[in-house]
There are 2 protein chains.
Amino acid sequence: MAPQHDDARERLIEGTCELLWDRGYVGVSPAAILRRSGVGQGSMYHHFKGKSDLVLEAERRSAALMQEEFTAIFAADTTAFARISAYLLREREVLRGCRVGRLVADPDVVVDDQLREPVRETFALLHRFLAEAIEEGRAAGEFAASLDADETADTLAAVIQGGYALSRAEQSVAPYERAVRGALALLRASAPESSARTDH
Amino acid sequence: MAPQHDDARERLIEGTCELLWDRGYVGVSPAAILRRSGVGQGSMYHHFKGKSDLVLEAERRSAALMQEEFTAIFAADTTAFARISAYLLREREVLRGCRVGRLVADPDVVVDDQLREPVRETFALLHRFLAEAIEEGRAAGEFAASLDADETADTLAAVIQGGYALSRAEQSVAPYERAVRGALALLRASAPESSARTDH
DNA sequence: GTCTATATTCTGATAGAC
DNA sequence: GTCTATCAGAATATAGAC
């Protein structure tokens with residue numbers, strides 16, 4: 001809608017996304033954003049009301065990006081286990097953590113419904129995809145009939161978010177990878193005829 | 001070793017623990033610590049070299065507290081599943097998150113080996129307790145023989161840390177509780193004769 | 001639209017009196 | 001040991017020129 005190359009605004013949002021990912025809301029300053037984006041101070045206050053306004057826009061950008069990513073993964077026409085597995089084993093910048101989940105570590109974000117919303121929405125969508133896959137896999141006999149889809153979905157989502165924390169504490173991807181493999185193994189072991197399965 | 005009631009120092013550490021828990025390293029300021037602890041500025045710089053020195057002491061305090069808590073839980077003379085279950089179902093301030101795990105959200109902590117160490121050590125101890133319990137339960141036929149103790153231990157630890165993130169995003173304890181129940185259900189369903197088990 | 005001052009408040013730390 | 005200045009620098013925002 002803008003007269004093309006609304007470049008400064010775009011660069012501000014992208015720079016803020018990166019800084020938010022690494023440093024969170026309190027850890028990011030307008031000055032740092034300007035340095036990173038290579039635009040001047042006046043430019044930022046022209047396009048945005050202030051820090052929280054820019055951050056909100058950047059959060060929405062990050063959330064949309066992540067939602068597209070896992071929407072694509074869960075759209076695959078494969079078994080439920082394969083989709084879940086593809087999501088869990090997706091390439092990730094483990095030591096950097098989750099660009100969306102990171103945000104709720106910050107009390108200023110959690111306390112503000114607007115700033116919290118993109119995170120809430122992203123997790124809600126992921127929950128839906130995971131729960132659907134589990135329900136489907138359960139019906140197909142891929143998983144134990146005793147599993148609760150909503151519970152198991154949150155378990156899997158938590159494994160990812162928590163795996164980041166374990167790995168950051170050790171500065172090694174190993175804990176994250178073990179946590180994910182452990183989750184997939186539990187899921188597989190729950191299958192009615194688990195001993196008969198081959199790895200996919 | 002001090003002439004008793006080394007009160008200011010103690011209050012500084014305790015106040016810093018609480019503030020760190022809620023706001024992390026970058027979110028906490030000396031001024032806020034002083035307000036909360038009710039001591040003067042000079043007092044703080046007498047007992048500590050500066051912010052990071054005080055924070056390090058507070059981190060060690062928080063880490064020790066948490067390590068005592070789960071050491072006690074895993075010392076119980078019960079089945080492996082009961083101990084794991086007791087750990088996962090322990091009372092927690094879910095929406096506040098983990099007082100230790102919270103710290104590695106902060107890049108200033110992750111980047112500094114000293115500041116990271118209390119977190120690393122705490123997670124390492126938890127891993128040991130969980131892996132031991134899983135190994136024991138596996139040997140006793142409580143869990144699937146196919147489970148890898150180290151992997152499963154990290155899965156469970158990650159569920160806790162990640163459950164906090166999900167719950168903070170929704171401002172509800174429900175996602176955390178579902179994640180934990182889902183993890184226990186997976187563990188139970190993995191048992192060789194899982195259909196024959198009764199709840200503990 | 002973007003820039004360069006400028007203002008105000010907070011942060012992290014020091015100095016020196018008591 | 002604790003207190004009250006005081007300080008340099010950063011954070012967040014505004015003003016006004018171009």
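All of these numbers come straight from a predicted model, not from anything done at the bench.
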On DNA chain D, check which nucleotide each of A:Gly50 and B:Gly40 is closest to and give me the residue with the more 5' one.
->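 Closer to the 5' end of DNA chain D: B:Gly40.
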Residue met sooner reading DNA chain D from 5', once A:Lys49 and A:Ala31 are mapped to nucleotides =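 It is A:Ala31 whose nearest nucleotide is closer to the 5' end.
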Which whole-number value in Å describes the distance from [X] [atom1] to [N] [atom2]?
X	N	atom1	atom2	result
B:Ile33	C:dG12	CD1	P	8 Å
B:Lys51	C:dT14	NZ	P	15 Å
A:Gln41	C:dT8	CD	P	16 Å
B:Leu19	C:dG12	CG	P	12 Å
A:Leu34	D:dT12	CG	C1'	11 Å
B:Leu12	D:dC3	CG	C1'	14 Å
B:Met44	D:dA5	CE	C1'	17 Å
A:Phe48	D:dA13	CZ	P	13 Å

Pi-cation contact, [Y] with [X] (under 6.0 Å, within 45°):
X	Y	value
A:Arg92	A:Tyr87	yes
A:Lys51	A:Tyr25	yes
A:Arg96	A:Trp21	yes

May I ask you to verify if any side-chain N or O of A:His47 is less than 4.0 angstrom from the OP1 or OP2 atom of C:dT2?
->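 True: A:His47 side-chain N/O within range (under 4.0 Å) of C:dT2 OP1/OP2.
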When we call it a touch if two heavy atoms are under 4.0 Å apart, what does A:Val26 touch: a base, just sugar-phosphate, or nothing?
->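 Here A:Val26 touches no strand at all.
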Could you please name the option among C:dC3, D:dT2, D:dA13 that lies closest to any side-chain atom of B:Ser43?
->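 From the listed options, D:dT2 comes nearest.
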If you check every side-chain atom of B:Ser29, which of D:dT2, C:dT11, D:dC3 has the closest atom?
->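 Shortest atom-to-atom distance from the side chain points to C:dT11.
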Does CD in B:Gln114 sit with more than 12 non-hydrogen atoms of other residues, nucleotides or ligands closer than 6.0 Å?
->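 No, because the 6.0 Å sphere around CD of B:Gln114 holds 12 heavy atoms or fewer from other groups.
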Rounded to the nearest 0.5 Å, how far does OG of A:Ser43 lie from CG of A:Leu34?
->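 Taking CG in A:Leu34 and OG in A:Ser43, the distance rounds to 8.5 Å.
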